[in-house]
2 protein chains.
Amino acid sequence: MIEPRPLLITGAGGFVGRQVVRQALALGHQVVAMDSVTAGIPEGARIVAGDLGDQEARGEALGDGVCAVIHLATVPGGAAEADPAASRRINLDASYDLLLEASAFGNRLRFIFASSIAVFGDPMPAHVDDATPLSPKMIYGGHKAMIEQAVALFTNRAMIDGLSLRLPGILARPQAPSGMKSAFISNLFHALKAGEAFVCPVSPLATIWAQSLDTCARNVLHGLMYDPAYLPPAYALTLPALRFTMGDLVEEIARQCGSRAELVSFVPEPALEAAFGAQPPLFTPAAEQAGFVADRDLGALVASALTALA
Amino acid sequence: MIEPRPLLITGAGGFVGRQVVRQALALGHQVVAMDSVTAGIPEGARIVAGDLGDQEARGEALGDGVCAVIHLATVPGGAAEADPAASRRINLDASYDLLLEASAFGNRLRFIFASSIAVFGDPMPAHVDDATPLSPKMIYGGHKAMIEQAVALFTNRAMIDGLSLRLPGILARPQAPSGMKSAFISNLFHALKAGEAFVCPVSPLATIWAQSLDTCARNVLHGLMYDPAYLPPAYALTLPALRFTMGDLVEEIARQCGSRAELVSFVPEPALEAAFGAQPPLFTPAAEQAGFVADRDLGALVASALTALA
């Protein structure tokens with residue numbers, strides 16, 4: 001009997017990675033979980049401890065072949081701004097190396113690359129749809145946009161069967177420093193759940209796009225099953241997301257937690273308002289036709305995000 | 001008196017580079033001309049001999065500041081296919097380094113990056129316009145697409161004032177091996193001018209986009225003067241080009257050279273026909289509004305290309 005080949009998940013110890021590993025194991029996948037910090041990786045995966053920039057660790061993770069790659073490992077947005085060279089090393093160079101090494105098996109691996117809505121830059125255009133040109137402003141978004149091009153290149157060359165998925169904000173992250181500039185949105189959940197006062201750095205009318213962690217992980221895994229015949233020409237999809245105001249989010253979290261919305265005061269910081277509080281109407285027909293989903297409504301998103309916190 | 005800062009032109013010894021240097025000098029620019037092969041660089045430029053991948057040579061070329069950069073240096077398409085690692089080193093890594101180093105002067109240099117219609121891949125979509133998504137297939141086009149994203153990133157960050165110009169086929173190249181897969185189109189000029197038989201590797205109905213060398217160089221230099229307020233969101237423009245069939249091109253060259261179109265036989269090679277003989281209708285309103293131009297008509301393009309050969 002031939003052993004089925006495992007699924008490689010990079011960044012498996014991260015916030016999104018752990019949930020993707022959990023769901024992949026539940027679906028019956030054999031999982032190779034790679035990360036430099038492996039503490040939180042769910043049991044049942046074969047763990048490879050190592051930095052994405054370490055060629056030997058990548059070699060160990062890919063072994064003599066995997067059935068697919070989900071590439072989540074990244075230097076996140078805030079950390080990339082603080083250290084552009086680290087972002088270049090991991091988000092650009094090592095990601096390109098991983099694409100090359102995954103190509104070397106010669107069997108056109110499905111390769112899911114976790115890109116980001118940061119590829120659209122800020123301020124965003126008046127609305128975003130499947131034809132919106134990329135114009136990144138954060139180092140993080142710039143390197144994601146560059147690797148999206150590499151994914152398209154390698155897919156057009158039949159070296160991989162690639163797909164870039166642009167993730168919106170994912171809720172709710174743990175309270176530990178994540179390196180994400182958008183962490184304040186998650187911190188709001190923690191504060192209201194604990195009944196603590198919270199100073200929100202964007203206005204109540206700030207509009208954001210988001211997905212719950214559970215929905216995000218389901219979308220990433222749906223990428224493995226999605227028929228490549230329907231892939232868009234650039235092999236990149238912006239994931240559907242709910243769009244709502246911070247004011248409505250505060251009300252909904254307070255309602256579900258039995259907490260008080262009055263705990264939150266709003267002291268907008270212009271840079272954060274521009275980068276994370278002015279997300280325009282979003283249209284994602286290509287991803288929706290392909291079966292990718294947003295959370296059903298704000299109530300469902302908040303309930304799911306609160307469950308993940310628990 | 002403060003010395004005016006020079007204009008840096010990389011790839012200055014190449015086919016396009018030499019003409020850009022010539023025109024820049026004629027416009028009164030002080031020019032720093034960088035290339036690894038410097039033999040053909042027009043007199044009057046300060047020459048820096050060195051490979052783009054050589055950090056010291058880049059440092060010498062940038063000196064203590066330049067007024068603008070025209071970045072033409074590249075591993076061309078055919079050579080990049082044959083040696084993807086060399087393309088990565090020059091077309092990706094060294095080009096990114098040059099962007100970083102040019103940013104370090106802090107005065108938002110105009111930075112013109114010579115990209116290519118190869119970013120659209122092959123086969124191309126039914127038509128190409130300013131909204132066509134990038135989907136490169138050749139290594140060369142892939143790395144150009146990646147650096148287009150870097151140009152947008154650095155421009156959005158106010159590190160440079162960048163513009164990517166996507167060049168179509170440029171006519172007519174010298175007969176020496178250029179590393180360009182599309183060299184056969186230029187070789188047709190040489191054969192008909194010399195009255196020699198020529199086997200054309202695409203069909204007479206093959207459609208191509210092209211610019212004469214002179215028009216191309218004028219467009220590149222127009223990039224320096226173009227008002228950044230009108231730049232498109234992605235800071236990239238596809239240059240206007242004439243679109244014509246190989247059959248019409250053969251007739252026009254023969255007419256202008258007093259040669260015979262019957263010297264040309266057509267033996268299409270499927271890969272070349274797909275990559276260079278199926279260029280669809282092209283719409284470039286953004287570039288045209290910005291004052292970039294195509295050659296007036298096929299007669300003018302052929303006359304200009306033949307002059308360049310003389």
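Convention: sequence-line order gives letters A, B, ...; per-chain numbering from 1. Note that the structure is a prediction, hence the values are computed from the model and not measured.
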Quiz item: What part of I139(A) lies closer than 4.5 angstrom to a heavy atom of chain B: side chain, backbone, both or neither?
Solution: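 Both backbone and side chain.
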Quiz item: Residues two or more places apart in sequence or in another chain: which of them pass side-chain contact (heavy atoms from CB on, under 4.5 Å) with A210(B)?
Solution: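 Applying side-chain contact (heavy atoms from CB on, under 4.5 Å) to A210(B) gives L171(B), F244(B), L301(B).
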Quiz item: Who pairs with P133(B) by side-chain contact (heavy atoms from CB on, under 4.5 Å), at least two apart in sequence or on another chain?
Solution: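 Partners of P133(B) by the side-chain contact (heavy atoms from CB on, under 4.5 Å) criterion, ordered by chain and then number, come out as P233(A), A234(A).
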Do chain A and chain B have donor-acceptor pairs under 3.5 Å, and which are they?
| from | atom 1 | to | atom 2 | distance (Å) |
| --- | --- | --- | --- | --- |
| E81(A) | OE1 | R157(B) | NH1 | 3.2 |
| E81(A) | OE1 | R157(B) | NH2 | 3.0 |
| E81(A) | OE2 | R157(B) | NH1 | 3.0 |
| R88(A) | NH1 | D97(B) | OD1 | 2.7 |
| R88(A) | NH2 | D93(B) | O | 3.2 |
| R88(A) | NH2 | D97(B) | OD1 | 3.2 |
| D93(A) | O | R88(B) | NH2 | 3.2 |
| Y96(A) | OH | H143(B) | NE2 | 2.6 |
| D97(A) | OD1 | R88(B) | NH1 | 2.7 |
| D97(A) | OD1 | R88(B) | NH2 | 3.2 |
| S135(A) | O | N156(B) | ND2 | 2.9 |
| S135(A) | OG | N156(B) | ND2 | 2.9 |
| S135(A) | OG | P233(B) | O | 2.5 |
| P136(A) | O | N156(B) | ND2 | 2.7 |
| K137(A) | O | R157(B) | NH1 | 2.7 |
| H143(A) | NE2 | Y96(B) | OH | 2.7 |
| N156(A) | ND2 | S135(B) | O | 2.9 |
| N156(A) | ND2 | S135(B) | OG | 2.9 |
| N156(A) | ND2 | P136(B) | O | 2.7 |
| R157(A) | NH1 | E81(B) | OE1 | 3.2 |
| R157(A) | NH1 | E81(B) | OE2 | 3.0 |
| R157(A) | NH1 | K137(B) | O | 2.7 |
| R157(A) | NH2 | E81(B) | OE1 | 3.0 |
| P233(A) | O | S135(B) | OG | 2.5 |

